[in-house]
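Working notes, beginning with the structure itself.
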Amino acid sequence: MPSTLHEKIYAVVRRVPRGRVATYGQVAMMAGFPRHARHVGFALRALPERSKVPWHRILNSRGEVSPRAVPSFDEIQRQLLEEEGIEFSPAGRIDLERYRWEDDVDDFEI
DNA sequence: GATCTGACCACCG
DNA sequence: CCGGTGGCCAGAT
């Protein structure tokens with residue numbers, strides 16, 4: 001029975017639709033860990049690059065790409081998001097009001 | 001098992 | 001929006 005913390009988190013992240021984003025805290029809450037936002041980051045960090053899990057759709061509360069240990073990944077993430085039609089502000093930030101994923105609403109976009 | 005670290009968040013000013 | 005503070009907790013050492 002593989003329901004570990006990571007598994008649950010991945011399960012939630014996997015449900016994030018294309019062209020939408022979610023925050024770490026949001027994912028944590030949906031996974032059933034109201035105050036374990038950091039573990040979401042942990043779980044995603046442990047994730048292999050070419051995983052099916054859309055880790056790039058996870059942003060921090062301010063709607064920007066979280067700084068990673070390896071800076072190059074920031075650009076990769078941004079590129080992936082732009083490919084999905086998500087626009088970045090000049091400051092490299094995303095309008096959460098516009099792109100935030102809510103469990104109820106799973107379609108209608110770009 | 002104590003200590004440190006971290007892809008964070010809410011809260012306050 | 002920005003920066004600092006406290007909190008929360010699974011891994012790594």
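Being a predicted model, the structure only gives us computed values, none of them experimental. First the proteins, then the strands, lettered A, B, ... as listed; each starts at 1.
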Return yes when atom CZ of Arg35(A) has more than 12 non-hydrogen atoms of other residues, nucleotides or ligands closer than 6.0 Å, and no otherwise.
-> no
The contact string for nucleotides 3-13 of chain B, one letter per nucleotide 5' to 3', using protein heavy atoms under 4.0 Å with B, S and - for base, sugar-phosphate only and none, comes out as ---BBBSS---
Side chain to side chain, Tyr24(A) and Ser61(A), heavy atoms closer than 4.5 Å | no
Would you say the side chains of His56(A) and Gln79(A) form a donor-acceptor pair under 3.5 Å?
-> no
Can any side-chain N or O of Gln26(A) pair as donor or acceptor with the backbone N or O of Trp101(A) at less than 3.5 Å?
-> yes
In whole angstroms, how far is the C1' atom of dG11(C) from the NE2 atom of His36(A)?
-> 14 Å
Tell me, please, whether Tyr99(A) has Arg20(A) positioned over its six-membered ring: NZ or CZ under 6.0 Å from the ring centre and within 45 degrees of its axis?
-> no
